Protein chains: 2
Amino acid sequence: MKLPGKTVERLSKYRRTLLECLNEKRNFIYSHDLAARIHITAVQVRRDLMLIGYSSVLRKGYDVRELIDTISKIIDSEESIHVAVIGIGNLGRAVAGYFKGKRSKLNLVASFDNDPQKINKVISGVKCYPYNDIERMIKELDIRIAILTVPLDSAKEITEEMVRYGIKGILNFTTIPLNVPSGVYLEEYDMITSIEKVAYFVKENKI
Amino acid sequence: MKLPGKTVERLSKYRRTLLECLNEKRNFIYSHDLAARIHITAVQVRRDLMLIGYSSVLRKGYDVRELIDTISKIIDSEESIHVAVIGIGNLGRAVAGYFKGKRSKLNLVASFDNDPQKINKVISGVKCYPYNDIERMIKELDIRIAILTVPLDSAKEITEEMVRYGIKGILNFTTIPLNVPSGVYLEEYDMITSIEKVAYFVKENKI
DNA sequence: GTAACAATGTTAATAAAATAACAATAATCA
DNA sequence: TGATTATTGTTATTTTATTAACATTGTTAC
């Protein structure tokens with residue numbers, strides 16, 4: 001099944017929201033309640049759920065547990081996926097922190113950095129290896145996804161290396177636009193651009 | 001002028017790329033060169049530039065300096081805009097780091113946190129104030145934009161407070177969906193969702 | 001039991017974004 | 001000079017994403 005990227009993003013948010021519902025002992029939820037919690041429309045929720053082929057049995061809304069399972073079957077893999085953070089500075093540590101104590105199919109198994117102070121230490125819950133070990137560790141730990149939080153000047157080189165050694169997905173937080181061969185999925189997020197966008201629309205609102 | 005959000009994002013990237021060109025002593029650039037550097041198409045570049053009403057005089061490509069100025073006139077404000085980072089943990093420090101040593105219309109003027117270890121210290125180049133001072137400091141320092149990197153449980157409350165005290169733009173890095181009145185511009189970025197999206201498309205590629 | 005209601009799933013319409021097509025024009029070169 | 005090429009600016013087309021419309025079907029109220 002080939003879902004639109006935007007739908008996948010929302011599925012991730014639906015699942016998180018539904019898990020909160022479980023915590024609140026809510027076992028059923030209406031499309032408009034789910035929508036309201038993430039500030040979108042009920043139609044969008046229903047359309048997304050249609051795309052993944054989920055339907056409520058009752059008219060009491062969606063079965064929270066069931067929907068969590070359905071979404072998980074779609075966006076999760078069967079087996080655990082190994083993730084690494086490349087560059088364990090402030091941003092890298094922030095990202096690593098998100099994985100701490102979370103049970104999910106995505107497992108952070110390593111970080112990489114070249115700072116001697118960091119190498120071989122456990123930082124934010126994960127052991128740090130030198131960049132030189134990337135090839136070996138990708139293979140040894142079966143790392144599939146890399147989260148790139150390195151300084152600008154090393155981004156391109158490290159990416160090429162990782163791609164060569166079989167990484168399948170990259171989330172690029174640097175401001176360097178990357179180029180990857182087909183077969184490797186690349187997602188980029190540029191913080192500066194986001195901030196400048198906010199500034200632009202703040203300015204426009206005012207006028 | 002009311003530009004599409006996507007165009008604004010690209011303008012930010014164009015400008016950064018053009019500044020790199022200046023560093024390389026390149027004074028003119030073709031649409032397809034500019035496009036290649038950020039891995040989009042030349043048509044998209046030309047279309048965006050059409051929207052902002054910029055045209056090259058010569059057929060030697062765009063005048064780098066001139067285009068930087070044109071873009072800056074569109075996305076920058078006349079005066080300096082004051083920004084604050086709310087929550088100066090790892091992510092907050094990463095964001096603050098981006099501002100360090102940069103000359104731009106966006107100035108990071110404060111951070112806020114409740115950790116006594118941080119309060120009144122200069123962290124990542126910016127002084128940290130307690131949350132209790134938010135009202136006072138927004139007014140005193142004329143803070144217009146807030147970058148929200150706080151723990152989940154305080155996100156909603158602090159946002160409401162900031163909105164009340166006149167913040168005009170929020171970049172929300174927490175996974176809590178926020179609600180702001182019209183007149184306040186909100187941009188949200190959810191790291192977890194991005195990672196899960198990468199995982200999904202890695203899985204789909206494989207099949 | 002049935003009328004009124006509330007919620008869903010799906011198709012249709014609209015809006016937004018990206019891509020393609022192409023005329024216009026400067027530069028190059030035979 | 002005149003043909004060819006390269007590049008732009010703009011309009012048209014296609015694709016993608018969102019929103020609206022609506023028939024269907026449990027549920028509730030009487």
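Treat the numbers as computed from the prediction; the structure is a model and nothing was measured. Each chain gets a letter, A, B and so on, in the order its sequence line appears, and its residues count up from 1.
- Of the candidates D:dT18, C:dA18, D:dA21, D:dA21 carries the atom nearest the A:V43 side chain, counting heavy atoms from C-beta on.
- The shortest distance between the side-chain N/O atoms of B:Y62 and the OP1/OP2 oxygens of D:dG9 is below 4.0 Å.
- The side chain of A:S31 lies closest to C:dT8 when the candidates are D:dT19, C:dT8, C:dT19.
- Put simply, CD on B:Q44 is 16 Å from P on D:dT15, counting in whole angstrom units.
- For B:T41, the side-chain atoms get nearest to C:dT19 when compared with the rest of D:dT7, C:dT19, D:dT19.
- Summarising the geometry, the separation between CZ on B:F28 and P on C:dA26 is reported as 15 Å, rounded to the nearest angstrom.
- A donor-acceptor pair is defined here as one N or O able to donate and one able to accept, closer than 3.5 Å; no such pair exists between the side chain of A:R144 and the backbone of A:H82.
- Distance, B:L34 CG to D:dT7 P: 14 Å, rounded to whole Å.
- Distance A:L51 CG to C:dT10 C1': 11 Å, rounded to the nearest Å.
- Pairing each heavy atom of B:M137 with each of B:I143, the nearest pair is O-CD1, 3.8 Å.
- B:D48 has its CG atom 12 Å from the P atom of D:dG9, to the nearest Å.
- Atoms CG (B:D33) and C1' (D:dT8) sit 14 Å apart, rounded to a whole Å.
- Note on A:S56: every side-chain N or O is 4.0 Å or more away from OP1 and OP2 of C:dA7.
- Side chains of B:Y185 and B:E187: a donor on one and an acceptor on the other come within 3.5 Å.
- Contact annotation: B:K60 side-chain N/O to C:dT25 OP1/OP2 distance is not under 4.0 Å.
- Checking C:dA20, C:dA7, D:dT18 against the side-chain heavy atoms of A:H32 singles out C:dA7 as nearest.
- Considering all non-hydrogen atoms of both residues, A:I145 and B:A199 come closest at CD1-CA, 3.6 Å.
- Within the 4.5 Å cutoff, the side chain of B:L186 has no heavy atoms near those of the B:T159 side chain.
- In this model, the phosphate group of D:dA21 is not approached by any side-chain N or O of A:R46 to a distance below 4.0 Å at OP1 or OP2.
- Taking atom NZ on A:K6 and atom C1' on D:dT15, their separation rounds to 14 Å, with Å as the unit.
- A:I52 places its CD1 atom 12 Å from the P atom of C:dT10, with the value rounded to the nearest Å.
- Residue B:Y30 places its side chain closer to D:dT7 than to any other of D:dT18, C:dA17, D:dT7.
- When the nucleotides D:dT11, C:dT8, D:dG9 are ranked by their closest atom to the side chain of B:R47, D:dT11 comes out on top.
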